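Here's the structure we're looking at; comments come further down.
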Amino acid sequence: MQHRMEETSQSQGERGSMMESTREIPRSVDFLKSLAPYKPVSSLTRIWNNPSEVPFKLDWNESTVPPSPRVYEAIVQFLSHTNHLNWYPELGSVSLATALGEKTNLDADNILVTNGSDDALELICKSYLGPGDQVLVPMPTYTHFLVYVQARGAEVVPFFSQDLFDADVEHLQKAITRETKLVYLVSPNNPTGVTYGKDELSLLLSANPGTLFIVDEAYFEFHGKTVVELVKSYDNLVVTRTFSKAYGIAGLRMGYLCTGLSVMMELKKLFNPKSVNRVGQIAAMACLSDPEYYDRYVEDVTRAKEFLKKELGLRGLPVVTTPANYVLIEVKEPVRFCHLLEEQGVYIRDRSTLPRMEKYVRMSVPTVDQAHEVVRRIDKVLGQMA
Ligand SMILES: *Cc1c(COP(=O)(O)O)cnc(C)c1O
């Protein structure tokens, strides 16, 4: 009590002549002034409020089927031990990093398991960016990354390729200057599906040794191609991946990054080794133990992609397929189309407000069986729009 009173009188003394001014509130860092609170657009609340409807949640590129049954078995087994939830998780997710090392052909030392890959992206920004630093970002892309850049007071420098659906690496290279601290490449890019191959990336990495490149491979499992082996030969590359898309455990927030030892040393200065939860660690291990299950799922999605392209094409809706688990659909009235589809219980993402995406909506690709039903519901909407 005594202590509190002292504090109060001291701070009043400091304010002194400011007595008439408006009430003082804590101030966040200056860089946050230009940012608005992130308003997540997710269909979850609507889905929960409509328990009788069979929903198709195709707006966030999550898996449309549950994860491998082994995930449930492993979690149940874990929970059957009395002392497991009250203990901290395995520090640094060492077992999972070792398993991921085998999967990626890297050493466990090259892998950092994070609380979703968003956490990896944020860690990189926190460790490498400060006020005024420039980050080159091909647009349109995964917008959440941009917040982490701005939160450091760094500057997003947008890059527009000549063709929306082509990486245009030649011009990208020309856009990189000595001031470019970081380049963020999503491969396959969300939402355009643009990819960056090993050869073209090698050229960028060797031409710009002082620039750090992030390659976000959130959709690697669907694409099947990766640049991850370049981590062994280049010190300026970080590859990020996630368990939220193909592996179907978005709700558990599991991701990881792969990088060389010099970048890893920097990242580990700020990394919190207990930020990844124990249930997530267990689930991710179980995912990795069941590659057959996930191969089948990816094949199913790949067939559904072609099915949707053909069926929607026949209905006058051109589809741009991507190497990932989403397609772009060209529609005349994107907002209305999404709204009417929502009334049918199909939730997709209007992307028409992104630069150069005026015509497009984005839809996650479900399984073939599910795609048949989705097309039936789209038919109802087309009837209403006619
Ligand atoms: C979905 C997505 C992520 C987010 O992954 P989490 O692991 O769930 O944080 C990251 N990058 C891209 C490009 C994505 O589409």
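Throughout, residue positions are numbered sequentially from 1 according to the sequence presented. All figures in this text were calculated on a predicted structure; none of them were measured in a lab. Start at 1 and go down the list; that is how both ligands and their atoms are numbered.
Within the 4.0 Å heavy-atom shell around ligand 1 one does not find G255. Residue contacts with ligand 1: R253 is included, with a non-hydrogen atom under 4.0 Å away. The shell of residues lying under 4.0 angstrom from ligand 1, judged by heavy atoms, includes D216. Y219 counts as a contact of ligand 1, since one of its heavy atoms falls under 4.0 Å from the ligand.
Listed for the R315 side chain is a donor-acceptor partner under 3.5 Å among the backbone atoms of E311. For the pair T259 (side chain) and L237 (backbone), a donor-acceptor distance under 3.5 Å is present. At least one donor-acceptor pair closer than 3.5 Å links the side chain of N277 to the backbone N or O of L252.
Under 4.0 Å from ligand 1, the heavy atoms of A218 that appear belong solely to its side chain.
Among all non-hydrogen protein atoms, the one lying nearest atom 14 (C) of ligand 1 is K245 NZ, 3.1 Å.
Checked for salt-bridge contact, R303 and E306 miss the test: no charged N lies under 4.0 Å from a carboxylate O.
For the pair D118 and ligand 1, the shortest N or O to N or O distance falls below 3.5 Å. For Y142, no nitrogen or oxygen atom sits less than 3.5 Å from a nitrogen or oxygen atom of ligand 1, counting backbone and side chain alike.
Under the ring-ring contact (aromatic ring centres under 6.0 Å, His included) test applied with Y247, the options Y293, Y256, Y294 reduce to a single match, Y294.
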